[in-house]
Asker: 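Handing you this structure, nothing more for now.
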There are 2 protein chains.
Amino acid sequence: MATDRDSVLLTALGVLSRQPTAAMDEIARAAGISRATLHRLFPGRDALVHEAGALAMRRMSAALDSAALDQGDPVAAVRRLAEAVIPEANFAAFLTGEGRLFEDDTINDAWEAMDARVAALFLRGQNSGAFRVELPAAWLSEAFFDLLAGVGWAVQEGRLAPATATTR
Amino acid sequence: MATDRDSVLLTALGVLSRQPTAAMDEIARAAGISRATLHRLFPGRDALVHEAGALAMRRMSAALDSAALDQGDPVAAVRRLAEAVIPEANFAAFLTGEGRLFEDDTINDAWEAMDARVAALFLRGQNSGAFRVELPAAWLSEAFFDLLAGVGWAVQEGRLAPATATTR
DNA sequence: ATCGAATGAGACACAAGAGTCTCAGGTAAG
DNA sequence: CTTACCTGAGACTCTTGTGTCTCATTCGAT
């Protein structure tokens, strides 16, 4: 886990989520390194965005882990989920915006696994009677990530600073 | 309003919402015309995406018009809104995905006007006691468009065919 | 059948970005 | 101090997409 690569990936994430067509040049300058070293760290643009996506996915998964979705009251779990995941909203925005990433099986599977975990939480809440049952849990999960990406966009455009939760 | 330009714009909309970096070549072939005529219709790529965005915005505005948001029961109005606008969800997905469009004042203003109309509906519902007041109406509007774009993405990726409403 | 306008196909130059390479300068370890 | 390694800067090639042009063909109207 070289911290250097990760720090470069984080700034790349920031640049690319604002401008998906940003050139390697701009990414390198934003990261404070030269284009040459950027190519030394990552063999090409594809590898860069791929690893950036993987990092974003790892961060989101870690956020889900920290929320302990399968424990305690479902309502409280959803609240924990929101609090844990909203700080990472920009990652969600990047992932949904960079559609090409879902051509990759690894990332696609990871995303579906996340989706399944959130859907399981909603399903648990529905079974326990805490949530409404009009909508399938899978839709609720989908909608949750849509809203999360929306928060990410909103933060990027500067019309949101300290976003908070309140769900359902 | 020459229908030919519009039909080309519609297919361009379809291609670009799936792949924002699609080349003029692909767009032309998807529209069944040659690259030359595409350039005869639209002076350049910028003009094409700009007009496509304007068309998408016109369609969404028309959908809002048909929903008569300021009349009748707020709950029924939201339901009408959803039914009118979900068929145009792909346009919303395109607009939110093509972030560069919002550098244009015309499109930006039109979007904000739409946002304001929806926010006004939610505010009206809140004032009449039909909707909850925990969330600002502006947030509800924002979230509504986020979900709409999400539906658009979902349809494009084929995991949704006859999407229906059910809101709140 | 003829004329005219629009279209498609292809060639062309131009620009931008990606990827590679070399070389000079700086830094840390010995 | 010296050496080995890493980095930045710049040049270079290659690819890709854009925009423009020309010319032959086709389609429709007269």
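Lettering of chains follows the sequences in order, A, B, ..., and the numbering in each one begins at 1. Quantities reported herein were computed from a predicted structural model and do not represent experimental measurements. Below, all heavy atoms of this structure are taken into account, side chains as well, without hydrogens, waters or symmetry copies.
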Asker: Roughly, in whole Å, what's the span from CD in B:Gln19 to C1' in D:dG17?
Answerer: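 Whole-Å distance recorded here is 13 Å.
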Asker: In this structure, how many angstroms lie between the P atom of C:dG8 and the CG atom of B:Asp25, rounded?
Answerer: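 From B:Asp25 CG to C:dG8 P: 13 Å.
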Asker: Could you tell me the separation between the CZ atom of B:Arg45 and the C1' atom of D:dT16, rounded to a whole number of Å?
Answerer: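 From B:Arg45 CZ to D:dT16 C1': 12 Å.
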Asker: Taking the side chain as everything from C-beta on, heavy atoms only, tell me whether B:Ile33 gets closer than 4.5 Å to B:Val8.
Answerer: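 The answer is yes, as the side chains (C-beta and beyond) meet within the 4.5 Å cut-off.
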Asker: Check this for me, if you would: do B:Arg117 and B:Asp65 make a salt bridge, where the nitrogen-to-carboxylate-oxygen distance has to be below 4.0 angstrom?
Answerer: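 Yes, charged N to carboxylate O under 4.0 Å.
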Asker: Taking the basic N atoms (NZ, or NE/NH1/NH2) and the acidic carboxylate oxygens, is any pair closer than 4.0 Å for B:Arg18 and B:Glu157?
Answerer: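 Not counted as a salt bridge, because no side-chain N and carboxylate O are separated by less than 4.0 Å.
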Asker: Find the distance A:His39:NE2 to C:dT22:P and express it as a whole number of Å.
Answerer: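 About 16 Å, once rounded to whole Å.
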Asker: Share the residues that join A:Leu147 in a hydrophobic cluster, the rule being Ile, Leu, Val, Met, Phe, Trp or Tyr side chains under 4.5 Å apart at the heavy-atom level.
Answerer: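 Members other than A:Leu147 - counting any ILVMFWY side chain reachable under 4.5 Å - are B:Leu147.
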Asker: Nearest whole angstrom, please: distance from the P of D:dG19 to the CG of B:Leu41.
Answerer: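 So the CG-P distance, B:Leu41 to D:dG19, works out to 14 Å.
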Asker: For every nucleotide of nucleotides 4-10 of chain D, 5' to 3': is a protein heavy atom under 4.0 Å from its base (B), only from its sugar-phosphate (S), or from neither (-)?
Answerer: ---BBB-
Asker: Between atom CG in A:Asp46 and atom C1' in C:dA18, what is the gap in whole Å?
Answerer: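 Computing the A:Asp46:CG to C:dA18:C1' distance gives 10 Å.
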Asker: Tell me the interatomic distance from B:Arg29, atom CZ, to D:dT18, atom P, rounded to whole angstroms.
Answerer: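 The distance from CZ of B:Arg29 to P of D:dT18 comes to 12 Å, rounded to the nearest Å.
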Asker: One pair to check against side chain to side chain donor-acceptor pair (under 3.5 Å): B:Ser141 and B:Asp115. What are the steps and the verdict?
Answerer: CA-CA 6 Å; B:Ser141 171; B:Asp115 203 60; 2.8 Å; yes
Asker: Determine, using ring centers only, whether B:Trp111 and B:Phe145 are less than 6.0 Å apart.
Answerer: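 Between B:Trp111 and B:Phe145, which both carry aromatic rings, the centre distance is below 6.0 Å.
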Asker: Take atom CE of A:Met24 and atom P of C:dG17, then tell me their distance rounded to the nearest Å.
Answerer: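 Rounded to the whole Å, the gap is 13 Å.
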